[in-house]
*Asks:* 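Would you mind keeping the following structure in view while I ask a few things?
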2 protein chains.
Amino acid sequence: MKLITRDTDYALRALCFIAKKNGKIVAVPELVRELKIPRPFLRKILQSLHKHGVLSAYKGAGGGFKLAKPAKRIFLFDLLAIYQQDWHLNECLFKKMLCPNVRKCALKKKIDKIERFVKKELSLISIASLIG
Amino acid sequence: MKLITRDTDYALRALCFIAKKNGKIVAVPELVRELKIPRPFLRKILQSLHKHGVLSAYKGAGGGFKLAKPAKRIFLFDLLAIYQQDWHLNECLFKKMLCPNVRKCALKKKIDKIERFVKKELSLISIASLIG
DNA sequence: GATAAAGGATACCACAATAGTATCATTTAT
DNA sequence: ATAAATGATACTATTGTGGTATCCTTTATC
Ligand code: FES
Ligand code: FES
């Protein structure tokens, strides 16, 4: 099981790099050079970051990307939400077949508790805190 | 991202069912009938549970499976270990490229903390606690 | 205005992991 | 002997992840 997939990983790297540029616009060629990420894949990733309001995009010659909001307000949780779309640990595991008691499945409650913790922690990890 | 895969899910169901039988030997046909799990898949799963010391197996006519240890001492964590072999949330994420400071990667530290919590919680969920 | 350098959109491909099947061999109660 | 069970193992199908390729639109600059 991977918590952080390739998309998320690359997105993180790119965002950290861009964040360090303090608002300067960064284009894909530079990112590819510095981060050694396959170009078409990186482009796809950046496009989705743009679509989800994490990056601002500037088209045309001299264009590129910069952060759409302060690095302090971009969280690992946001990236998970983008790339592992609506991930959750707690599907209905037994399809109600073996649920110990119908109203409160002990297992579901426990998994939910774990999930809440994980989500809380992920929503505390900001880009800013990684390049600090 | 799935915490609990199909294997683990089915294993859980089967173990709960078997546990409820209080030591009586249960054979695959009964499990298939009751749990509606594809037979060959279930057999594979039970075999691996046997191989890992979770179930005792009895061959021949009238054979089947029973728990190899008390339901209190079989944990969700064990199943994860069997089916998501040596899973971990924290690979070296940046391959040292963007590590904020070489000695202590802030991200790795945070992910490790999450992982420890998850593992601890999973090692508290026993079969007994699910059928209680 | 032509051109080149950027991103936007979208369809496609490759590989690995997950989920599930099939077959034959071995054991054992009757 | 036979039938009912598991053991072992190889195979197949489906899905998700990781990655490419192509064509279109926008814009700075000459
Ligand atoms: S059976 Fe649906 S969550 Fe327990
Ligand atoms: S770069 Fe390896 S864990 Fe931070």
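Letters A, B, ... mirror the listed sequences (proteins, then strands); counts begin at 1. Values in this document were obtained by computation on a predicted structure and should not be read as measured data.
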*Asks:* Using the ring of each side chain (for Trp, its six-membered ring), is A:Y10 parallel, tilted or perpendicular to A:F41, with breaks at 30° and 60°?
*Replies:* perpendicular
*Asks:* A:F41 or B:F65: which one's nearest nucleotide on DNA chain D is closer to the 5' end?
*Replies:* B:F65
*Asks:* Working to the nearest 0.5 Å, report the span between CD of B:Q47 and NZ of B:K51.
*Replies:* 7.0 Å
*Asks:* I want to verify a distance call: between D:dT6, D:dT27, D:dT20, whose nearest atom is closest to the B:A27 side chain?
*Replies:* D:dT6
*Asks:* Can you find a side chain N or O atom of B:K59 that sits less than 4.0 Å from OP1 or OP2 on D:dA3?
*Replies:* no
*Asks:* Could you give the CD-to-C1' distance, from B:Q47 to C:dT26, as a whole number of Å?
*Replies:* 12 Å
*Asks:* Does atom NZ of B:K69 have more than 12 heavy-atom neighbours from other groups under 6.0 Å away?
*Replies:* yes
*Asks:* I'd like to know if A:E30 pairs up with A:K24 as an ion pair, taking the criterion as any Lys NZ or Arg NE/NH1/NH2 lying under 4.0 Å from an Asp or Glu carboxylate oxygen.
*Replies:* no
*Asks:* Give the rounded distance in Å between these two atoms: OH of A:Y83 and C1' of D:dG18.
*Replies:* 13 Å
*Asks:* Answer with yes or no whether A:R6 presents, from its side chain, a donor or acceptor under 3.5 Å of a partner atom in the base of D:dG19.
*Replies:* no
*Asks:* Would you indicate what B:R43 reaches in the nucleic acid, counting non-hydrogen atoms under 4.0 angstrom: base, sugar-phosphate, or nothing?
*Replies:* base
*Asks:* Using whole Å, what does the distance between atom P of nucleotide D:dT6 and atom NE2 of B:H52 come to?
*Replies:* 19 Å
*Asks:* Could you state the CD1-P distance from B:I25 to C:dT27, rounded to the nearest angstrom?
*Replies:* 18 Å
*Asks:* Rounding to an integer number of Å, can you tell me how far B:R39 CZ sits from C:dA19 C1'?
*Replies:* 18 Å
*Asks:* Using OP1 and OP2 only, check whether a side-chain N or O of A:H50 sits under 4.0 Å from C:dG8.
*Replies:* yes
*Asks:* Rounded to whole angstrom units, what separation is found between the NZ atom of A:K66 and the C1' atom of C:dG7?
*Replies:* 16 Å
*Asks:* Report which part of the nucleic acid B:G63 touches: base, sugar-phosphate, or nothing (heavy-atom distance under 4.0 Å, all strands).
*Replies:* sugar-phosphate
*Asks:* Tell me: NZ of A:K2 to P of D:dT15, nearest whole Å?
*Replies:* 20 Å
*Asks:* What's the spacing between B:I45 CD1 and B:D7 CG if we round to 0.5 Å?
*Replies:* 5.0 Å
*Asks:* Between the base of D:dG7 and the side chain of B:K51, is one N or O donor paired with an acceptor at under 3.5 angstrom?
*Replies:* no
*Asks:* In whole angstrom, what separates B:Y58's OH from D:dA5's P?
*Replies:* 16 Å
*Asks:* Using a heavy-atom cut-off of 4.0 Å across all strands, would you classify A:P40 as base, sugar-phosphate, or nothing?
*Replies:* base
